[in-house]
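Report on one structure; see the data block that follows.
Values below: every heavy atom of this structure, side chains too, minus hydrogens, waters and symmetry copies. Letters A, B, ... mirror the listed sequences (proteins, then strands); counts begin at 1.
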2 protein chains.
Amino acid sequence: MRIGEVAEQAGVSVRALRYYEEQHLLVADRAAGGRRRYPESAVERVRLIQRLYAAGLASATVREVLPCVDSGETEASPALLERLVDERALIDQRITDLLSVRDRLDEVIGVARNPDLGCAHDDTRPGGRPGTIWKRSHEGR
Amino acid sequence: MRIGEVAEQAGVSVRALRYYEEQHLLVADRAAGGRRRYPESAVERVRLIQRLYAAGLASATVREVLPCVDSGETEASPALLERLVDERALIDQRITDLLSVRDRLDEVIGVARNPDLGCAHDDTRPGGRPGTIWKRSHEGR
DNA sequence: CTAGAACCTGACGTTGACGTGAGGTGCAAA
DNA sequence: TTTGCACCTCACGTCAACGTCAGGTTCTAG
């Protein structure tokens, strides 16, 4: 595939793909003339990279982690393993933060929608999953 | 409280607090001599700001949202309400991403720990196991 | 053959959330 | 009084993940 196709299908910019290559997150061989050629699998890989970024991993960490996630295994050093465990802890923290913030937003939104129910509980919220996903707006970052 | 105390108790830098003031996220009155004085409540407010940032909200959004979250109500425009709903959707997306990434990490970590199948008794890591959140993620897309 | 997409390599610009001095002030203790 | 730390206000530096412009090349449709 050409870079433009990959970009479109993965929903990122061409510049982003060149940046990923610069950062050694994504490789491409070159056709005669110097243009990048990607395998089909590149699309999925880019989506994975996006998810990792969206999860707040630093690019250096992504660089370390990607090979493992690719192969589905770690032969790596215990040092890297520790890094992964630490990253997992950070991600847990971020999830907790996000859930907390989402709950606050839900409160505010709920009150704004039903100003009369000032003190009433929103009982459409069973203990586990707070709130309903009312709307899915799609926006990159 | 003085700025140094707030900073320490909230776990942020003094510079960060001055930055928040610059961004109108946090106010302080001044003692004679020009030094900032904060109420005790400032610590919690700073922690909230941190959570909002950690949740990936843009600073402009934080600025808009903070008064609502503060007062626990929205008298604001339907435009702001829509913003909040959109933000909620983004947060949901981020949560989904994080859960997905966390699962990938768990796979890798699991394999690295038990290269030959599953008796998971080795839990003697430094720092211990982070988080009580062990629920499996439902795939979002 | 020619126009014009699509691509290439630099290289500088952008934005957010602070970091990091520089140079001066306030205040409590010794 | 003097030390000395915490604090003050500029104001420039940083870093990541790209955006954007410049100036040139290559591929494809007509």
Side-chain angles (χ1 to χ4, degrees), chain A residues 1-39 42-43 45-66 87 90 94 97 101 139-141, chain B residues 1-39 42-43 45-66 87 90 93-94 97 101:
Chain A
M1 304 174 73
R2 292 169 313 166
I3 194 172
E5 300 176 272
V6 177
E8 186 183 5
Q9 291 192 28
V12 304
S13 72
V14 166
R15 176 68 173 93
L17 296 184
R18 293 203 266 253
Y19 175 75
Y20 295 161
E21 186 173 332
E22 206 174 296
Q23 300 297 307
H24 307 103
L25 303 178
L26 184 64
V27 282
D29 49 351
R30 303 302 182 102
R35 312 175 85 127
R36 293 172 179 85
R37 305 318 305 245
Y38 296 89
V43 174
R45 189 184 179 86
V46 170
R47 292 204 179 112
L48 172 59
I49 294 174
Q50 289 281 105
R51 281 206 301 279
L52 291 171
Y53 275 141
L57 297 198
S59 81
T61 309
V62 173
R63 196 154 39 242
E64 278 185 312
V65 163
L66 262 183
E87 283 302 333
L90 285 178
R94 294 174 64 86
D97 284 347
V101 167
E139 185 63 39
R141 55 158 183 165
Chain B
M1 304 174 74
R2 292 171 313 167
I3 193 172
E5 301 176 273
V6 177
E8 187 183 5
Q9 291 192 29
V12 304
S13 71
V14 167
R15 177 67 172 94
L17 296 184
R18 293 202 268 250
Y19 175 75
Y20 296 161
E21 184 172 333
E22 205 176 296
Q23 300 297 307
H24 308 103
L25 303 179
L26 184 64
V27 282
D29 49 352
R30 303 301 182 104
R35 317 173 82 127
R36 293 172 178 84
R37 304 319 304 242
Y38 297 88
V43 175
R45 190 183 178 86
V46 169
R47 292 206 179 110
L48 173 59
I49 294 175
Q50 288 280 103
R51 282 206 302 279
L52 292 172
Y53 276 142
L57 297 197
S59 82
T61 308
V62 173
R63 198 157 33 245
E64 276 184 314
V65 163
L66 261 183
E87 284 301 335
L90 284 178
Q93 184 57 59
R94 293 173 66 86
D97 284 347
V101 168

Point to revise | Residue met sooner reading DNA chain D from 5', once B:Y38 and A:A32 are mapped to nucleotides | key: B:Y38
Whole-Å distance between [N] [atom2] and [X] [atom1]?
X     : N      : atom1 : atom2 : answer
A:L17 : C:dC7  : CG    : C1'   : 13 Å
A:I3  : D:dC27 : CD1   : C1'   : 16 Å
A:E22 : D:dG19 : CD    : P     : 13 Å
B:E5  : D:dC7  : CD    : C1'   : 12 Å
A:E21 : C:dT9  : CD    : P     : 7 Å
B:L52 : C:dG16 : CG    : C1'   : 15 Å
A:R2  : C:dA5  : CZ    : P     : 14 Å
B:Q23 : C:dA17 : CD    : P     : 7 Å

Please pick, from [options], the nucleotide with the shortest atom-to-atom distance to any side-chain atom of [X].
X     : options               : answer
A:R30 : D:dC7, C:dC18, C:dC8  : C:dC8
B:Y20 : D:dC7, D:dC18, C:dC18 : C:dC18
A:S13 : C:dC18, C:dC7, D:dC18 : D:dC18
B:R18 : D:dT9, C:dC8, D:dA6   : D:dT9
B:Y53 : C:dT9, D:dC18, C:dA17 : C:dA17
A:R15 : C:dC7, D:dC7, C:dA11  : C:dA11

Point to revise | Distance in Å, B:I49 CD1 paired with B:L66 CG, rounded so as to fall on 0.5 Å steps | key: 5.5 Å
Check your understanding: To the nearest 0.5 Å, what is the distance between OH (B:Y38) and CG (B:D29)?
Key -> 9.5 Å
Review point. Do the charged groups of A:R18 and A:E21 touch, with an N to O distance under 4.0 Å?
Key: no
Check your understanding: Between B:A60 and B:G34, which is nearer to the 5' end of DNA chain C once each is assigned its nearest nucleotide?
Key -> B:A60
Review point. Between A:R51 and A:V46, is there a donor-acceptor pair closer than 3.5 Å when you use the side chain of the first and the backbone of the second?
Key: no
**Study point:** B:R63 side chain vs B:Q23 backbone, donor-acceptor pair below 3.5 Å
**Key:** yes
Exercise for review: Return no unless some side-chain N or O of B:Y19 is found under 4.0 Å from OP1 or OP2 of C:dC18.
Suggested key: no
Review point. Side-chain donor or acceptor of B:R35 under 3.5 Å from a matching atom on the base of D:dA6?
Key: yes
